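Each remark here refers to the structure printed beneath this line.
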Amino acid sequence: MKKFNICLTGLLLLISASCNDFLDVNTSPNEPSTAPVELVFPAATGSTAYVIGGWYQILGGMWAQHWTQSTGASQYRNVDSYDLQNDAFDDRQYGELYSGAINDLEYIRTTAKAEENWSYYLMATVVQSYTYQVLVDLYDKVPFTDALKGVQGTLTPKFDDGQVIYDSLIQRLDYALSKDIHALTAQIPDKDDVIFQGDLDKWVQFANTLKLKIFMRESIAREAVAQAGVQALFAEPNFLEEDASFKAFKDEVDNRNPVYETGVDRLAGNLTISRTLFNFLSENSDPRINSIMNYPTASPGTHNTLEQGNYLAASPVNIAGLSTPKLAALD
């Protein structure tokens, strides 16, 4: 009987341990809580590229009067007419940037700082700062100081003023730039660097260029601050001379440039060239005109554009009679 009791006790302990493992639903074996920074960086950067280069690019293209809603279609009428609802760009796009890009980039920053891996710290800081800068440009107030704190933070983070965020971004970029990105503890990026393919000097230039952009945004509201910042940057100019572009798009479904994916493949016929842009280019004999717009399929060789917001015009009846943005799957 004593032997049986010992066996029974052992069996109960085994079952208890197994149940504890089985019932530990807060840990997913398919979604590890930690990962190497070189694996996280491409996904985080892709999140930023897909949102800002997708819906936000369409919003900016329309409000800058480069593109307008075509006749015979309706996808972007609310954007073109400034009839935006509260959740127009706060749902998938805004949520994706916070839960995807910004959150993952903060993980890289935290991990890289602890490891003194200053190359990835700089890269993640630059992309995250760029993402925040776009959000501030669009919304002004967004969560910042209270954001990204997880269970230790609050479910209702306060919305900081854009000025506060701009200042903090400059400080973050300065701190990242002050570190030795070529130190022995720094990791040399390879194919996971989907922006500059491992050229760390260009990341330094990107950081400086982003700082310049932020100061230019403040040039009217905070002239003295902006002027001092710009002068300091031009004292030792080191800016990008090429695009900082996401170079991981593929010409296949769900992997193409998001504006092309949406505007050409899935929702073809919605975007046409605004007459505002066309007239400006024509009046200035701008040689880029045929590099950024296609001729109408119904009248090759002659551009036909639509007055901004005139999507209810009776003619032409569809996109075939209108010039369209020249978009590519990989650009």
Side-chain angles (χ1 to χ4, degrees), residues 44-45 47-49 51-53 55-57 59-60 63-64 84 89-90 93-110 112-113 118 120-149 153-154 156-179 181 195 202-240 243-246:
T45 307
S47 177
T48 288
V51 174
I52 295 177
W55 282 96
Y56 284 177
Q57 182 174 344
L59 174 71
W63 285 3
L84 296 183
F89 284 85
D90 290 349
Q93 295 79 29
Y94 183 91
E96 170 61 28
L97 287 183
Y98 268 98
S99 63
I102 292 175
N103 187 60
D104 288 349
L105 291 163
E106 186 65 16
Y107 168 81
I108 297 173
R109 279 168 32 87
T110 302
K113 184 177 182 180
W118 300 119
Y120 276 84
Y121 183 83
L122 173 65
M123 292 160 58
T125 298
V126 171
V127 178
Q128 189 191 65
S129 297
Y130 167 72
T131 307
Y132 269 126
Q133 174 259 312
V134 171
L135 286 171
V136 171
D137 282 358
L138 183 57
Y139 300 106
D140 181 25
K141 297 182 179 183
V142 295
F144 186 76
T145 55
D146 283 349
L148 311 180
K149 295 184 178 180
T154 173
T156 56
K158 70 175 181 179
F159 283 62
D160 293 293
D161 290 334
Q163 175 180 315
V164 172
I165 300 174
Y166 278 152
D167 287 345
S168 296
L169 296 181
I170 294 294
Q171 292 172 5
R172 289 186 178 188
L173 290 166
D174 282 342
Y175 179 79
L177 287 168
S178 72
K179 299 301 179 179
I181 59 174
I195 305 295
K202 289 181 180 177
W203 280 103
V204 172
Q205 294 174 345
F206 190 2
N208 287 325
T209 305
L210 181 56
K211 287 175 60 179
L212 178 62
K213 184 178 182 181
I214 292 172
F215 286 130
M216 292 299 293
R217 289 288 190 267
E218 299 186 294
S219 60
I220 296 178
R222 305 173 73 197
E223 183 178 354
V225 172
Q227 182 175 354
V230 171
Q231 288 176 339
L233 286 169
F234 274 92
E236 297 182 26
N238 186 24
F239 305 113
L240 277 178
D243 292 335
S245 59
F246 184 75

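Note that the structure is predicted; figures quoted are calculated from it, not measured.
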Review point. What is the minimum heavy-atom distance between T125 and R172, and which atoms define it?
Key: CG2-O, 3.8 Å
Point to revise | Shortest non-hydrogen contact between L212 and V230, atoms and distance | key: CD1-CG2, 3.9 Å
**Study point:** Minimal non-hydrogen separation, S47 against L97, with atom names
**Key:** O-CD2, 4.0 Å
**Study point:** Validation row: E218, I170 side chains within 4.5 angstrom (heavy atoms)
**Key:** no
Study note, to complete from the structure: For residues 228-239, the salt bridge (Lys or Arg N to Asp or Glu O under 4.0 Å) pairs (sequence neighbours left out) are none
**Study point:** salt bridge (Lys or Arg N to Asp or Glu O under 4.0 Å) partners for D137, two or more places apart
**Key:** R217
Check your understanding: So, for Q133 and L210, which heavy atoms are closest and what is the spacing to 0.1 Å?
Key -> OE1-CD1, 3.7 Å
Exercise for review: With the side chain counted from C-beta on, respond yes when I52 and Y130 share a heavy-atom pair under 4.5 Å apart, and no when they do not.
Suggested key: yes
Exercise for review: Work out which heavy atom in A207 is nearest to a heavy atom in V126; give both atom names and the distance.
Suggested key: CB-CG2, 3.8 Å
Practice item. In sequence, state the C-alpha distance, the side-chain angles, and the governing distance for I195 and M123, and then conclude on side chain to side chain contact (heavy atoms under 4.5 Å, CB included). Key: CA-CA 10 Å; I195 305 295; M123 292 160 58; over 6 Å; no
Check your understanding: Taking side chain as C-beta onward, heavy atoms only, is Y120 less than 4.5 Å from R109?
Key -> no
Check your understanding: Atom CD of Q205 and atom CG of L240: how far apart are they, to the nearest 0.5 Å?
Key -> 5.5 Å
**Study point:** F206 side, atom CZ; T209 side, atom OG1 - distance, nearest 0.5 Å
**Key:** 8.0 Å
Exercise for review: Using a 4.5 Å cut-off on heavy atoms from C-beta on, say whether the side chain of L138 contacts that of Q93.
Suggested key: no
**Study point:** ring-ring contact (aromatic ring centres under 6.0 Å, His included) between F159 and Y139, intermediate numbers included
**Key:** CA-CA 10 Å; F159 283 62; Y139 300 106; 9.1 Å; no
Review point. Is any side-chain heavy atom of N208 closer than 4.5 Å to a side-chain heavy atom of L177?
Key: yes
Check your understanding: Are I181 and Y121 close enough that some pair of their side-chain heavy atoms sits under 4.5 Å apart?
Key -> no
Point to revise | Side-chain ion pair, D160 and K141, N-O less than 4.0 Å | key: no
Exercise for review: Just do the side chain to side chain contact (heavy atoms under 4.5 Å, CB included) check on W55 and Y94 with the steps written out, would you?
Suggested key: CA-CA 10 Å; W55 282 96; Y94 183 91; over 6 Å; no
Review point. Between L135 and I102, is any pair of side-chain heavy atoms under 4.5 Å apart?
Key: yes
Exercise for review: Please assess F239 against F234 for the test ring-ring contact (aromatic ring centres under 6.0 Å, His included), listing each intermediate value before the final yes or no.
Suggested key: CA-CA 9 Å; F239 305 113; F234 274 92; 5.1 Å; yes
**Study point:** Heavy-atom side-chain proximity of V142 to Y98 below 4.5 angstrom
**Key:** yes
Revision key, fill the gap. On a heavy-atom basis, the closest approach of G162 and D140 is N-OD1, 3.1 Å
Point to revise | Test side chain to side chain contact (heavy atoms under 4.5 Å, CB included) applied to W118 and K113, step by step | key: CA-CA 7 Å; W118 300 119; K113 184 177 182 180; 4.0 Å; yes
Review point. How far does CD of Q227 sit from CZ of F215, to the nearest 0.5 angstrom?
Key: 12.0 Å
